[in-house]
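What you see below is based on every heavy atom in this structure, not just the backbone, and it leaves out hydrogens, waters and symmetry mates. Keep in mind the model is a prediction, meaning the values are calculated, not measured.
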Amino acid sequence: MFSHVMLGVSDLERGKRFYDALLGQLGIAPGVANRNRFFYRSPTGVFAISTPINGEPATAGNGATTGFTAQSPEQVNAAHAAGVAAGGVSIEDAPGWRGDAMYLAYLRDPDGNKICLAYRPPKG
């Protein structure tokens, strides 16, 4: 359904440090530069960060969440810890199971964008 997701950041290098650390724990290579953006590619999609091209300040979307798929609860925990160590802030409940259906962790990046790390076990 989606071709990509792009979030605005106020400091491109700070954003790259955060997303390199967080996404690196999910097996995604460091961001690749393209002008005022960094792109992260995976077999299932593209994620990017950018300073706003209109010159206005980057702002976090109120009510918006960007979710990343993890392969295990341990990977969720590792990515969450890496994101916090790289300047993110843990939010909501501690990483953990929400019912039996999924294991989640939430944090905000250095610009306030809400990030979810999600593991959903295979059914069956």
Which heavy atom of G27 sits nearest a heavy atom of Q75, and at what distance? N-NE2, 4.3 Å
What's the separation between atom CD1 in I28 and atom CZ in R41, rounded to the nearest 0.5 Å? 12.0 Å
Ignoring hydrogens, what is the shortest heavy-atom contact between A86 and P110? Give both atom names and the distance. O-CG, 4.3 Å
Quick check on side-chain contact (heavy atoms from CB on, under 4.5 Å): which of V76, T69, L117 does L26 satisfy it with? L117
Determine the minimum heavy-atom distance between A101 and P121, stating which atoms define it. O-CD, 3.3 Å
Distance-minimising heavy-atom pair for A64 and K114: O-CB, 3.4 Å
Looking at G8 and A58, what are the two nearest heavy atoms and their distance? C-CB, 3.7 Å
Side-chain touch T66/L7, heavy atoms, less than 4.5 angstrom: yes
For atom CZ of R35, is the number of surrounding heavy atoms from other residues, nucleotides or ligands below 6.0 Å larger than 12? no
Side chain to side chain contact (heavy atoms under 4.5 Å, CB included) assessment of F18 paired with V9: CA-CA 11 Å; F18 175 83; V9 297; over 6 Å; no
For side chain to side chain contact (heavy atoms under 4.5 Å, CB included), just list the numbers for E13 and F38, CA-CA rounded to whole Å, side-chain angles, deciding distance to a tenth of an Å, and then say yes or no. CA-CA 9 Å; E13 291 302 319; F38 282 99; 3.8 Å; yes
Are any of the side-chain heavy atoms of F39 and M6 separated by less than 4.5 Å? yes
Supply the atom-to-atom distance Q71 CD to Q25 CD, rounded to the nearest 0.5 angstrom. 13.5 Å
Is the closest side-chain donor-acceptor distance between Y40 and D20 under 3.5 Å? yes
Quick one: does D109's side chain have a donor or acceptor within less than 3.5 Å of a partner on D111's backbone? yes
For the pair Y19 and I115, evaluate side chain to side chain contact (heavy atoms under 4.5 Å, CB included) and give the outcome as yes or no after the intermediate values. CA-CA 11 Å; Y19 285 104; I115 305 300; 3.3 Å; yes
I49 side chain reached by N113 side chain, heavy atoms, under 4.5 Å: no
More than 12 non-hydrogen atoms from neighbouring residues, nucleotides or ligands closer than 6.0 Å to CG on D100, yes or no? no
Note: L22 and G83 closest approach over all heavy atoms is CD1-CA, 4.1 Å
Between the CG atom in L12 and the OG atom in S50, the distance rounded to the nearest 0.5 Å is 7.0 Å
Out of curiosity, does L104 fall in the hydrophobic cluster containing L23 (side-chain heavy atoms, cut-off under 4.5 Å, transitive links)? no
Relative to the ring of Y103, is the ring of W97 parallel (under 30°), tilted (30 to 60°) or perpendicular (over 60°)? perpendicular
Could you go through the side chain to side chain contact (heavy atoms under 4.5 Å, CB included) check for D93 and R98 one step at a time? CA-CA 10 Å; D93 294 334; R98 304 309 194 263; 3.7 Å; yes
